[in-house]
Amino acid sequence: MSAGGVVTRIDPADGGRIVSLLIAGVERILPKARARAHAPALYWGCYPMVPWAGRLSEGRIPTNAGEVRLAPNLPPSAIHGLGFEKVWEIVERSATAVTMTCELRGLGWPFGGSARQTLRLGDRHLELELAVGGYTRAGPAGLGWHPWFTRPSREDMRLCVDATEVLVLDADLVPTGKVRRVTETEDLRSCPPLGDRRLDHVYVRANGPAIVRWPDLELRIAYDASMRTVVVHTPVEGICVEPQTMWPNAPLLAAAGVRGTGLRTLEPGDTVSANEEWTWHR
């Protein structure tokens, strides 16, 4: 797709993900060639997280009919849903928009359902829509996108997330249910330079938009009110800013009585959706 000199490429066969986003002639999405070799499906592009977002401890999902145990795809966790490893089917396409669907199955997922994703490109914005529904029995639902943004090799970037709290994580980076205040290093409200900050944090009750700032471009990620959980990951190869509708590990936490996890339980016939809009200027 292209609009106003901006070009994006989508690969339905590789997780329905954005594989390239060229703005002002510069690649903004980390390509597959630069992904970590041991688990490349997780570590490049921008892919939809559906029907759950983040880590599920040991793949455990409590239900009224007993506990479901999914096969871990990043042991010991089941992570980021099923969509990023699926072949998506294009159902509508134009020069500036695409709509794709996929059936949700794998890892022992017993709830069925399907996902629908629409991407619309303008010369200064990208709209992202994601929905899931069609479950065959009541089950959990959470949505989001996982972009891997490129990092320049010689210049610093800035990142802004308007949140004062993060989740407490265990040794496997799974939320325990506790919330704490951000430290000085974790506080991103002032759009600080990232430098050598290596974050892998779950910011909660975040106010949009999140901002990613290259030396030559500012990109704003606006997200709807259901997506106030924002995961930030800043390894050396890229930057991930992931608004999502649920806390990681939400099914176990909600079953333990933790409130505010954003978990949705879909009944057959229900649908849940989420929306983002990326805008940019030089």
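We count residues from 1, following the sequence as given. Please read these numbers as outputs of a predicted model, since none were measured by experiment.
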| Got a sec: does the CZ of R93 have more than 12 other heavy atoms crowding it under 6.0 Å? | no

| request: Grab the two heavy atoms, one from G16 and one from M100, that are nearest each other, plus how far apart they are. | output: O-CE, 3.7 Å

| query | For I23 and R28, which heavy atoms make the closest approach, and how far apart are they? | reply | O-NH2, 3.1 Å

| said: Could you check whether any side-chain N or O of T136 sits under 3.5 Å from a backbone N or O of F111, counting only pairs where one atom can act as donor and the other as acceptor? | reply: yes

| Any donor and acceptor pair, going by atom type alone, linking the side chain of T96 with main-chain N or O of R120 inside 3.5 Å? | no

| said: Any side-chain to backbone donor/acceptor pair from W145 onto V241? Under 3.5 Å, distance only. | reply: no

| task | Output yes when R60 and E67 qualify as a salt bridge under the 4.0 Å nitrogen-oxygen rule, no when they do not. | result | yes

| Within a radius of less than 6.0 Å around CZ of R198, do more than 12 heavy atoms belonging to other residues, nucleotides or ligands occur? | yes

| query | Mind checking whether L169 and V230 sit in one hydrophobic cluster, side chains of I, L, V, M, F, W, Y counted as touching below 4.5 Å? | reply | no

| task | State whether the number of non-hydrogen atoms from other residues, nucleotides or ligands found under 6.0 Å of R259 atom CZ is greater than 12. | result | no

| request: Quick one: pull up CG in L143 and CE in M227 and give me the separation to the nearest 0.5 Å. | output: 7.5 Å

| Can you check whether R124's main-chain N or O pairs, donor with acceptor, with W278's side chain at less than 3.5 Å? | no

| Do you know which two heavy atoms are closest between R158 and P193, and how far apart they sit? | NH1-CD, 3.2 Å

| remark: The single option from I211, L188, I221 that satisfies side chain to side chain contact (heavy atoms under 4.5 Å, CB included) with C160 is I211

| said: When you measure from the side chain of Y203 to the backbone of T229, do you find a donor-acceptor pair of N or O atoms at a distance under 3.5 Å? | reply: no

| query | Do the side chain of W88 and the main chain of Q117 share a donor and acceptor less than 3.5 angstrom apart? | reply | no

| Minimum heavy-atom separation for I29 to G45, with atom names? | CG2-CA, 3.4 Å

| field | D196, CG atom: more than 12 neighbouring heavy atoms under 6.0 Å | value | no

| query | Is a donor on one side and an acceptor on the other found under 3.5 Å between the side chain of Y135 and the backbone of P140? | reply | yes

| Taking the side chain from R137 and the backbone from A65, do they hold a donor-acceptor pair closer than 3.5 Å? | no

| request: Answer yes or no for R36 and Y43: cation-pi contact, defined as NZ/CZ to six-membered ring centre under 6.0 Å and angle to ring axis within 45°. | output: yes

| Parallel, tilted or perpendicular: ring planes of H233 versus W148, cut at 30 and 60 degrees | perpendicular

| On the ring face of W44, is R17 found with NZ or CZ under 6.0 Å from the centre and within 45° of the axis? | yes

| Between CD1 of I79 and CG of L56, what distance do you get to the nearest 0.5 Å? | 9.0 Å

| Linking I/L/V/M/F/W/Y whenever their side-chain heavy atoms sit closer than 4.5 Å, directly or via other members, would V68 and V174 fall into one cluster? | no

| field | Nearest-0.5 Å distance that lies between atom CD in E58 and atom CG in L252 | value | 8.5 Å

| Whether T234 side chain and R197 backbone form a donor-acceptor pair below 3.5 Å | yes

| From CA spacing to verdict: ring-ring contact (aromatic ring centres under 6.0 Å, His included), W109, W52 | CA-CA 11 Å; W109 177 259; W52 76 88; 5.8 Å; yes

| query | Salt bridge or not for R55 and D170, using N-O below 4.0 Å? | reply | no

| Joint cluster assignment, V179 & V202, ILVMFWY side-chain distance < 4.5 Å | yes

| query | When rounded to the nearest 0.5 angstrom, what is the spacing between CG in L130 and CG in N275? | reply | 9.0 Å

| query | Do E277 and H125 pass the side-chain hydrogen bond (donor to acceptor under 3.5 Å, both in side chains) test, and can you show the C-alpha distance, the side-chain angles, and the key distance before you say yes or no? | reply | CA-CA 7 Å; E277 184 177 38; H125 72 275; 4.5 Å; no

| remark: When rounded to the nearest 0.5 Å, the distance separating CD of E85 from NE2 of H80 is 11.0 Å

| request: Determine yes or no for a side-chain-to-main-chain donor-acceptor pair under 3.5 angstrom, with N249 supplying the side chain and S57 the backbone. | output: yes

| Only one of E92, E129, E103 clears salt bridge (Lys or Arg N to Asp or Glu O under 4.0 Å) with R116; which? | E92

| With side chains defined as the heavy atoms from C-beta onward, is the minimum distance between R180 and K178 less than 4.5 Å? | no

| message | Once rounded to the nearest 0.5 Å, what's the spacing between atom CD of E242 and atom SG of C46? | response | 9.5 Å

| request: Assess whether salt bridge (Lys or Arg N to Asp or Glu O under 4.0 Å) is satisfied between D11 and K32, documenting all intermediate values. | output: CA-CA 11 Å; D11 192 342; K32 189 174 187 178; over 6 Å; no

